[in-house]
Undergrad: 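Before we start, here is the structure in question, set down as structure tokens.
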Amino acid sequence: MAANGAPTTITQGSQTKGGIGESTLRPDGTLKVTGEFAYSSDMWHEDMLWGQILRSTVAHAEIVSIDTSEALAMAGVYAVMTYDDLPTEVRHYGLELQDTPVLAHGKVRHHGEPVALVAADHPETARRAAAKIKVEYRELPVITDEASALAPDAILVHEGRKDEYAEIVPHQNIVHRQPIVRGDVAEARKRADVIVEGEYYFGMQDQAFLGPESGLAVPEEDGGVHLYIATQWLHKDLEQMAPVLGLPKDKVRMTLSGVGGAFGGREDISMQIHACLLALRTGKPVKIVYNRFESFFGHVHRHPAKLHYEHGATKDGKLTHMKCRIVLDGGAYASASPAVVGNASSLSVGPYVIDDVDIEAIALYSNNPPCGAMRGFGAVQACFAYEAQMDKLAKKLGMDPVEFRQLNAMEQGTIMPTGQPVDSPAPVAELLRRVKAMPMPPERQWESSEGADVRQLPGGLSNTTHGEGVVRGVGYAVGIKNVGFSEGFDDYSTAKVRMEVVGGEPVATVHTAMAEVGQGGVTVHAQIARTELGVTQVTIHPADTQVGSAGSTSASRQTYVTGGAVKNACELVREKVLEIGRRKFGSYHPAWATAELLLEGGKVVTDGGEVLADLVDVLEGESVEVEEEWRHRPTEAFDLRTGQGNGHVQYSFAAHRAVVEVDTELGLVKVIELACAQDVGKALNPLSVIGQIQGGTIQGMGIAVMEEIVVDPETAKVRNPSFTDYLLPTILDTPTIPVDVLELADEHAPYGLRGIGEAPTLSSTPAVLAAIRNATGLALDRTPVRPEHLTGTA
Amino acid sequence: MRVNFTVNGRPQEADDVWEGESLLYVLRERLGLPGSKNACEQGECGSCTVRLDGVPVCSCLVAAGQAQGRDIVTVEGLADFAKQRSCGTGACGGTSLDEAKRWQAEGTDSQTGEGTELAPIQQAFIDAGAVQCGFCTPGLLVAADEMLERNPNPTDADIREALSGNLCRCTGYEKIMDAVRLAAARQSEGV
Amino acid sequence: MDFLRPASWEEALAAKAEHPTAVPIAGGTDVMVEINFDHRRPDYLMDLNRIGDLSEWEAGEDTVRLGASVPYTKIMENLRTELPGLALASHTVASPQIRNRGGVGGNLGTASPAGDAHPALLAAGAEVEVESVRGARRIPIDEFYTGVKRNALAPDELIRAVHIKKADGPQQFSKVGTRNAMVIAVCAFGLALHPETRTVRTGIGSAAPTPVRAKAAEEFLNAALEEGGFWDNGKIITPSVAKQFADLCSAACNPIDDVRGTASYRRHAVGVLARRTLTWTWESYRGTRRASEGAA
């Protein structure tokens, strides 16, 4: 059992023969259903200590003093650390900008910022000790919105910025600003017969992965440290950790533990550095596990956004122009804000053809909780707004909302507002057609012979209606998401593949640093190896930093990029295997020299199907191993003034139809069905594809009807950091989710595949909102929509 | 304090338990049974669901001392528990042919758990694709298994109600519905 | 922290007398969350699970004596006929796992305005049986809630049982939450018709500092039903009567704005729930009346 910190090796079983395109089952499935899969919070080590973080109780304040003496004096306490105890001069880190202090220094900038660390022999001892640390704060005014951030005399959240954006932003409380200007909006506007404007608000969403931030740091004899951790990107963590730990990178070893979901919330550092600091300080293994309350402070959230849009259209329904301004609240530290700005601006038009656009997106620094990556990454907020605009336009024009969208839908060859042509299929109109063609769910499903089944009604078990006030509504939406890291980022992955004979059978071992966070990457890697190498047995080596970076498990990119790297490495291994075969057996058959050779079913075969040798014989006494980086086509940065540039490598499209039933008197919503159609390029594992689409769909539904981190505008303190008041959809809230998968290959991508994880999160939210508008006739310009908004009692 | 109770049929003893510790903490940190998960520790997610004297409860809301002398089943013991139940109802006169076929060729792989004998609900979760990150899975399995014990032919609404105390963030629940339907169908076919 | 494990009710009372700050724990729904989240560090935790009597109930002639720890699941399964309002309320409590452990005693002990059982107890009519080494007493439910999360218990007293009037007519319970399961009440409403006394009783949850009855609404409806001969003629209640009843229920609220909902919404929603539950209970009353007339 792996709970002592040993990583879990995964071998694909022999009952599964599947290569790509088959719904092979998860190789970690058995461990996960028996409770034996070792998640980061399950790690345990003899003699280990528990780490605890003391966090700020106020959002913005000068730290006048910190007194740790009482905490240090407690029995069972092994270490207490503040900023002054950090081991080197490098004391800040960050995903994009190094603006985040390892522990607060001089000032705290948001509620829940880490101030001090404790290591003790029991979590309760650590908590009591943390409570005894005396921190004196002198509170400062809080910056909580655009007005307070950009006032001429506003306090700067970060004084003396030296980052790459500091010089170009119009105000130092703006992290990054990206305009996109294309065509001539003023001229195009004259052609518009109708113009619609809207101001929208998108609430702060939490990733709310179920496995809390956690890990175990074990000091090593060479003065280094080994961290067992749940993360999305081992190497990026390492890059940020080593300098602040004062260690060379090779003395910081990392192994991926079981990850209980991520959704962007593990892209940043949480407890990694803190656990390692305490382990190095005490010389003992240190485990840190956040509870749910702390988790709400321990990771970034989805940027809340204010979006102002103007669209015009001719009376026959062609879009003329679009102007928009998107203000994202990045909170106290930059995290991924610059890239989120890039996405929000470059995808703000949606999957539509509009030649004349004037776009601006900014991210603010404020004293609100830091925001960064979450599934959909900047594209989500924009989609909510532009889809609301599409419905408004269609209504004003008296057109069917789906037909209106189809009339303006982009397709392969469309030029993006960034000037980049879309060079692979973009079946936007087709996805809308498909989702509209699905059969509608039956009406009044709550009626039964024994009366109303409240479980099928808005309010559910709470017994609020037996049908009274319930009105059905239907809404549609479609979205566009980029796949992979954009804007010139060197987005590569590394795969090490070995082939050898084990126990009389050819076995491939795939070793990458890809973070399996639940998405099923490990399943797909084994499938790729089988397809490419003709073996049944594939061992997936635990992900760690002993192999090159795999990049992040985010941006819908892992199957594309690390899948691509595995495919590439397998191809190189295959060549070497064939070399060995030619050397050993070439003289026995001319086809070794002349034919196209494949590895299939454990054999070397010609493309005509003739068997030349058993892989066992070829590999007898040999072992072939290749480690190789693989990258997708390069992208370019966006011009900082015009936003022009070939910034994205691939796009992903999904459309939703939402059917809701709204108790119009109480303002309660039951989503009855969320039908989705998505183009996936090629479904490497159809079962996993559907799972991703359904999961993404429900995260989009959550922010439509219930999920929101509420921050007090007076104090910038989080008001609902718990699962009691941050509500996630339960199984009684979720609808049926029929999925129609389209597979139009992208010739630039491995196997023609398309990244899939995020697109369904985009269109789900606006589809639900559209359906609620359809049921209630209300304008609804913010999400999530709460009962107050539907009953005029906000 | 010292606490004694039975977990998955075996007597267990934990020493030096702090009085504020939950049953969940004792299972995970003192007894080496981390299968029950610590996702919210406030009874709002169901990831820590165990059976306490047969009844599904959130082990995070049971004080360790309250478990004294009680009988607990966790996900680690679910397969055995289900097997004993089916034997108890006379459904298992030795190994069925299907079982024999399924397990004959495979040993138990300590690294992957392959070859482990599973409860029907566990197998159904794997087969239906109901497992993604898997953090909610142990709690859902304990809850779903208990529901099928009480209600072998549940409607969809019954399944949703029974599992409404278990949050999942990955799947959107559709595959979980599929898994429970699959387990119910297999159960009624006597597979 | 010390963990007390009284094996009997008498032992529990003695322990509570000796340690009045001891926090009783049964289902753990409230207490364990406070401990897990470091909101509370009592000197003593007192486990009540060992006292079998607390998990038992007894249906008498006019009342049900419900042990403080009878789990909500048992109430739903076994007491639907005798205590329909409380059974409905029990079904809305948190999750199946919590309903398997939590009981009415916990709701009363915490005395949160959001406790799901309160509106049903207020509407049905109940007395809380509490005891200390000094003796036992019964506190009428209307006098039990004394402030936000405060009740009429003395420091040395424990809640032993609740005596709830058996339903003599239809009862309903509705609660608004922003999720279809496992949700804390934004507001809740309980209504019980008492044909024997020709009265109605109400209970409002989460819309005032304490659970409250809408007494003016009850009085209005009692009078309106009497005046129109409704109890006898079984006519449909007129929309204007229903509306006025709903308005008076809204007016009985004294809610706050919080992260779960606005005060304005709570008032509005209580009105809607009052109207709907009145319709449901009255329809049910008319149905039973017709059935009994038919039988006669």
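In this text the structure is predicted, and so the values were computed from the model without any measurement. The chains referred to below are lettered A, B, ... by the order of the sequence lines, with proteins before strands, and numbering in each begins at 1. The figures that follow rest on heavy atoms only: side chains count, while hydrogens, waters and symmetry mates do not.
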Undergrad: Does atom CD of C/E58 have more than 12 heavy-atom neighbours, drawn from other residues, nucleotides or ligands, at distances under 6.0 Å?
TA: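 Not buried by this count: 12 neighbours or fewer within 6.0 Å.
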Undergrad: Do other residues, nucleotides or ligands put more than 12 heavy atoms under 6.0 Å from the CZ atom of C/R80?
TA: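 No, not enclosed.
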Undergrad: So if I take each residue of residues 97-114 of chain C and look for any heavy atom under 4.5 Å from a heavy atom in chain B, which residues do I end up with?
TA: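 If one takes a 4.5 Å heavy-atom cut-off, the residues of residues 97-114 of chain C near chain B are C/Q97, C/I98, C/R99, C/N100, C/R101.
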Undergrad: Give, for atom CZ of C/F37 and atom CD of B/Q42, the distance between the pair rounded to the nearest 0.5 Å.
TA: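 Result: 4.0 Å between the selected atoms.
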Undergrad: Which heavy atom of B/A162 sits nearest to which heavy atom of C/P96, and what is that distance?
TA: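 Looking at all heavy atoms of both residues, the shortest contact is O-CG, 3.6 Å.
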Undergrad: Should C/R5 and B/M1 count as side-chain neighbours, where that means a heavy-atom distance under 4.5 Å?
TA: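 In short, these two side chains touch, coming nearer than 4.5 Å.
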Undergrad: Enumerate the ring-ring contact (aromatic ring centres under 6.0 Å, His included) contacts for residues 96-120 of chain C, please, sequence neighbours excluded, ordered by first and then second residue.
TA: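 Sorted result for residues 96-120 of chain C: C/H118-C/Y145.
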Undergrad: B/L167 vs C/M182, test: side-chain contact (heavy atoms from CB on, under 4.5 Å). Steps then yes/no.
TA: CA-CA 10 Å; B/L167 295 177; C/M182 198 159 58; 3.8 Å; yes
Undergrad: Look at B/E19 together with C/R41 and state whether they make a salt bridge at an N to O cut-off of under 4.0 Å.
TA: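 Looking at C/R41 together with B/E19, the answer is no, because their closest N to O distance does not fall below 4.0 Å.
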Undergrad: Heavy-atom distances under 4.5 Å only: say whether C/I25 touches chain B with side chain, backbone, both or neither.
TA: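 It is both, since atoms from each part get that close.
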Undergrad: So do B/E161 and C/H91 actually touch side chain to side chain, heavy atoms under 4.5 Å?
TA: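 The answer is yes; the side chains approach within 4.5 Å.
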Undergrad: Which heavy atom of B/G165 sits nearest to which heavy atom of C/S95, and what is that distance?
TA: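 The pair with the smallest heavy-atom distance is CA-CB, 3.4 Å.
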Undergrad: Tell me which of these, C/T73, C/D47, C/I35, C/T29, has more heavy-atom pairs under 4.5 Å with chain B than the rest.
TA: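 Greatest number of close heavy-atom pairs with chain B: C/D47.
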Undergrad: Going by residue number, which parts of residues 51-81 of chain B are within reach of chain C, meaning a heavy-atom gap below 4.5 Å?
TA: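 Only B/L52, B/V55, B/P56, B/V57, B/C58, B/C60, B/L61, B/V62, B/A63, B/G65, B/Q66, B/Q68, B/R70 of residues 51-81 of chain B have a heavy atom under 4.5 Å from chain C.
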Undergrad: For chain C, which residues of residues 147-159 of chain B have at least one non-hydrogen atom nearer than 4.5 Å to it?
TA: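 Expected list: none.
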Undergrad: If we define contacts as heavy-atom pairs under 4.5 Å, which of C/R179, C/R50, C/E34 has the most with chain B?
TA: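 Heavy-atom pair counts peak at C/R50.
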Undergrad: Would you mind checking which part of B/T49 comes under 4.5 Å of any heavy atom in chain C, side chain (CB onward), backbone (N, CA, C, O), both or neither?
TA: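 Just the side chain, heavy atoms under 4.5 Å.
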